[in-house]
Amino acid sequence: MNGVTVVMKSALFFMSELSAHIKISQIIFYSPLETGHATEMLIVQFQCQNNEAKAPTFQKCLLVKMTWESLHVFLSVTILIQVYYQVNQLNSMGSNPLPSFVIVLILLVLNGQGPMTAKVEAKSTVHIVYLGERQHDDPKRVTDSHHDLLATVVGSKEVASDLMVYSYRHGFSGFAAKLTESQAQKLSELPGVVRVIQNSLHRLQTTRSWDFLGLSSHYPNHVLQNSKMGDGVIIGVFDTGIWPESKAFSDEGLGPIPSHWKGVCKSGDQFNAATHCNRKIIGARWFIDGFLAEYGQPLNTSDDPEFLSPRDANGHGTHTSSTASGAYVRNVSYRGLLSGTVRGGAPRARLAIYKVCWNVLGGQCASADILKAFDEAIHDGVDVLSLSIGYSLPLFSDVDERDGIATGSFHAVARGITVVCGAANEGPSAQTVQNTAPWILTVAASTMDRALPTPIMLGNNKTFLGQAIFTGKEKGFTGLTYPEGTGLDPTSAGACQSLSLNSTLVAGKVVLCFASVTGRVAVRLAAATVQEAGGIGLIIAKNPSDALIECRDGFPCIEVDYEIGTRILYYIRSTKSPTVKLGHSKTLVSKPVSAKVAFFSSRGPSSIAPEILKPDITAPGVNILAATSQLDQWMDGGYAVHSGTSMATPHVSGIVALLKAIHPDWSPAAIKSALVTTARTKDASGFPLFAEGSPKKLANPFDFGGGIVNPNGAADPGLVYDMGLSDYIHYLCAMGYNNSAISRLRGQSTACPAEKPSFLDVNLPSITISSLRSSVTLSRTVTNVGSPNSIYRADIEPPTGMTVTVKPHILVFNSRTKKISFNVTVCATKQVNTGYFFGSLTWRNEQNAVRIPLSVKTEILESYADDN
């Protein structure tokens, strides 16, 4: 990079010389070169091209590429200038006028006639103009009104038609269009316009899991059979598309397409609607206009292949779709491991595919496209929507369309569609959970009762167990080494993310390294470095996590914790010729393996409204085997093992489809309540669940919400904490959003009360108090969905340092009394600032235990530091 810096400084010098000859606005040179960011930009551009950047923002990568192209032009010009000066400096000691061909070249470049256009003009970008609830039932009239509105700003309907990207006309009203900032400002000032915001980008967030959740097909009397495996329910999946040839999407044995389906299947690049859609994949379409308007570059490249169709080039969408609703496929394994039958949670449910994410920089999704997909899905008649998509911190507000998901899901939930989203993969830090709106069902990720132990046999006859996906060629005892460093930081040479290796010492040996950073990049970078140096295996000592990182070409990458890594290191240092033998991985299920909240799973409390408990629920999301695209680089026979809340989300989406089949009249809130109040907070042995982290700790509601999802319990919860539109309006008013924005969102005039309502009274299946000073009383209402004549008694586990009372503490239901409200009073016993303490309130009778989590933090004095 030093050479690049020198060239850049040289370019800047010659440009400053150039400016002495002709008067050109300095902004053209100043922006890319004199801000002090040019070197950083070039580095990020290199990383983006090689997919090595650590979560680079899409916008910055675009800026980088434009800057790089600009620099090419600038350097071309300065080379000519440099040649001119070198030729002429012997002829004269004074200043010479520039030759005419150089001036002509520069002017051509600056006026757009050369290799790059450098015009200074108002830039158009995609903006979302949100108008709230649609005012007409006729979609054509809605679209015409959008063109008319846009025409008032841009001058004519013809121009408006050219600038229009999408018209949102089914679930809500609005449009996406290419606008300058001044045009966007003018539109925002027009009556009826709720908000105008710029388009933004989102990011993408796998045989054992269904048995682990109690949905084995071998047991007849549970939710899987009672729901007819979800038959008749339609799951809409917003993702990277689908690989339709996979056996997971066979329609064998399925009946007619559900009568309430009104959607379509569209043909496109290598996707034929007539042959690729069937009675399983009943709808498929793609949305890319919002993304392309921002990306502005060729989409399909050799590094990132893509299809302008519902076909999946990434694999993420195929994986999530098959997890939610894949058909039974027997005798599937991954490189000989994890053998069994793969299927989705609701094998007979139907799939509607909405491709909104594109195979660029790991998967990018534009909010304009997501909103259009919501608009169409609401019209199409889906019953459940599954989105393994997130944004990044800080979060947008619930009424900010740059989020896209919160706004679109509000309209979907208002029409009875349950929207299931991932909590994101930013854990284990607190306050990293995403998709936090109370109408969304937010899913965290857990491990399950399965492990892949891999033996590491040392030359001193000691054997340790690591974890890996290693089924390659097994070798006998071979050399073992650790790259010792020198100088002031002797351990730096052995850091996985920055290995410094001597090929002579490493060739033919297994290398031990220590990872000080989490994530896949460090492990795969270390593996590549060891392979390049001639090594034959890698042992990675890292923070314990069950989400395994597979290395390419069967290269053994075995993970151990720091304690085992240190013991292996001491063995290396204790002998002149240390040796090791790496064994094959095995599949171990059930006892003694227990489930844990995954290390990467984002944690609460919500950074927008901590009183709204997030995540809501937890499901398996670690080492999940499911179908994938044939272009997935980790594919084995059409299947792949992936980890993330992206994999946990479709588990819950499939379960929601089963519940919807059994209880078609339940609201999204009732379904969420049933899942939360029946979830498991203990493992199969009766021990409390743990959460991976630094260190591993007992899990709490901010890690797993209600707990690990329990499908059979959720089908018969006894009581539910139901919510409707008025409850969500209560929440929006508590958030302080203005009446106009709420009215447009709701579709009718709404006025929040003069006294701001409390978050604490939103009828959630949880109670979270983020700032308890002495005592507080709040209310909840439960609806009986079990036996008509039922009596429930309150069972309270108060958080440490609190007293909790419930009035009434006995609830009596009969044929006339189906809903009962009660009050909960929480008092602090000590006047001291604390972190969160946790407890529970459970309504019990002979058949049911309806449990909600309590999370309370006392704050006697205003908090000035993070004490989560």
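This structure is a prediction, so every number in the text was calculated from the model and none was measured.
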As a test of understanding, state which of [options] forms a side-chain contact (heavy atoms from CB on, under 4.5 Å) with [X].
X	options	result
Val850	Thr678, Thr677, Leu841	Thr677
Ser855	Ile767, Thr768, Ile769	Thr768
Thr418	Ile440, Ile671, Leu675	Ile671

To the nearest 0.5 Å, tell me how far [X] [atom1] sits from [Y] [atom2].
X	Y	atom1	atom2	answer
Thr645	His651	OG1	NE2	13.0 Å
Thr618	Arg680	OG1	CZ	10.5 Å
Tyr731	Asn763	OH	CG	15.5 Å
Lys818	Asn814	NZ	CG	10.0 Å
Ile742	Thr750	CD1	OG1	7.0 Å
Ile791	Glu846	CD1	CD	8.0 Å

For [X] and [Y], test the side chains for any donor-to-acceptor distance below 3.5 angstrom and give the result as yes or no.
X	Y	answer
Thr783	Asp722	no
Asn823	Thr777	no
Thr432	Glu426	no

Taking the ring centre of each residue, are Phe838 and Phe702 less than 6.0 Å apart?
yes
Verify the ring-centre separation between Phe374 and Phe238: is it less than 6.0 angstrom?
yes
Give the C-alpha distance, both sets of side-chain angles, the deciding distance and a yes or no for side chain to side chain contact (heavy atoms under 4.5 Å, CB included) between Leu254 and Arg348.
CA-CA 7 Å; Leu254 293 180; Arg348 297 182 68 85; 3.9 Å; yes
What do the steps show when you test Val597 against Leu689 for side chain to side chain contact (heavy atoms under 4.5 Å, CB included), and what is the final call?
CA-CA 8 Å; Val597 177; Leu689 293 171; 5.8 Å; no
Take Ser770 and Lys857, measure what side chain to side chain donor-acceptor pair (under 3.5 Å) needs, and give me the verdict at the end.
CA-CA 5 Å; Ser770 65; Lys857 180 177 71 173; over 6 Å; no
Hey, could you give me each pair passing ring pair (Phe, Tyr, Trp, His ring centres under 6.0 Å) that has a residue in residues 703-729? Not counting sequence neighbours.
Trp439-Tyr728
Worked check of side chain to side chain contact (heavy atoms under 4.5 Å, CB included) between Arg851 and Val676:
CA-CA 8 Å; Arg851 179 187 180 276; Val676 172; over 6 Å; no
Taking all heavy atoms of [X] and all of [Y], pick out the closest pair and write down the distance.
X	Y	answer
Pro717	Ala674	CG-CB, 3.8 Å
Pro605	Tyr836	CG-CE1, 4.2 Å
Leu393	Ser607	CD2-OG, 4.3 Å

Check whether any side-chain N or O of Thr858 sits under 3.5 Å from a backbone N or O of Val832 as a donor-acceptor pair, and report yes or no.
yes
Can a donor-acceptor pair be found, under 3.5 Å and without considering hydrogens, that links the side chain of Asp616 to the backbone of Thr442?
yes
Please assess Tyr354 against Asp239 for the test side chain to side chain donor-acceptor pair (under 3.5 Å), listing each intermediate value before the final yes or no.
CA-CA 7 Å; Tyr354 301 87; Asp239 216 295; over 6 Å; no
Report the C-alpha separation of Arg844 and Asp795 in whole Å, then their side-chain angles, then the decisive distance to 0.1 Å, and conclude whether the salt bridge (Lys or Arg N to Asp or Glu O under 4.0 Å) test is met.
CA-CA 7 Å; Arg844 297 184 185 275; Asp795 181 2; 2.8 Å; yes
Between Asp383 and Lys660, does a salt bridge (Lys or Arg N to Asp or Glu O under 4.0 Å) hold up when you go through it step by step?
CA-CA 8 Å; Asp383 301 296; Lys660 193 73 175 177; 5.6 Å; no
Cationic N near anionic O, under 4.0 Å, Lys596 to Asp683:
no
May I ask you to check whether over 12 heavy atoms, not counting those of Lys682, lie within 6.0 Å of atom NZ?
no
When you look at NE2 of His260, are more than 12 heavy atoms from neighbouring residues, nucleotides or ligands closer to it than 6.0 Å?
yes
Does a side-chain heavy-atom distance below 4.5 Å link Leu395 with Thr436?
yes
Disulfide bond (SG atoms under 2.5 Å apart) pairs touching residues 749-789, sequence neighbours excluded, are Cys733-Cys752
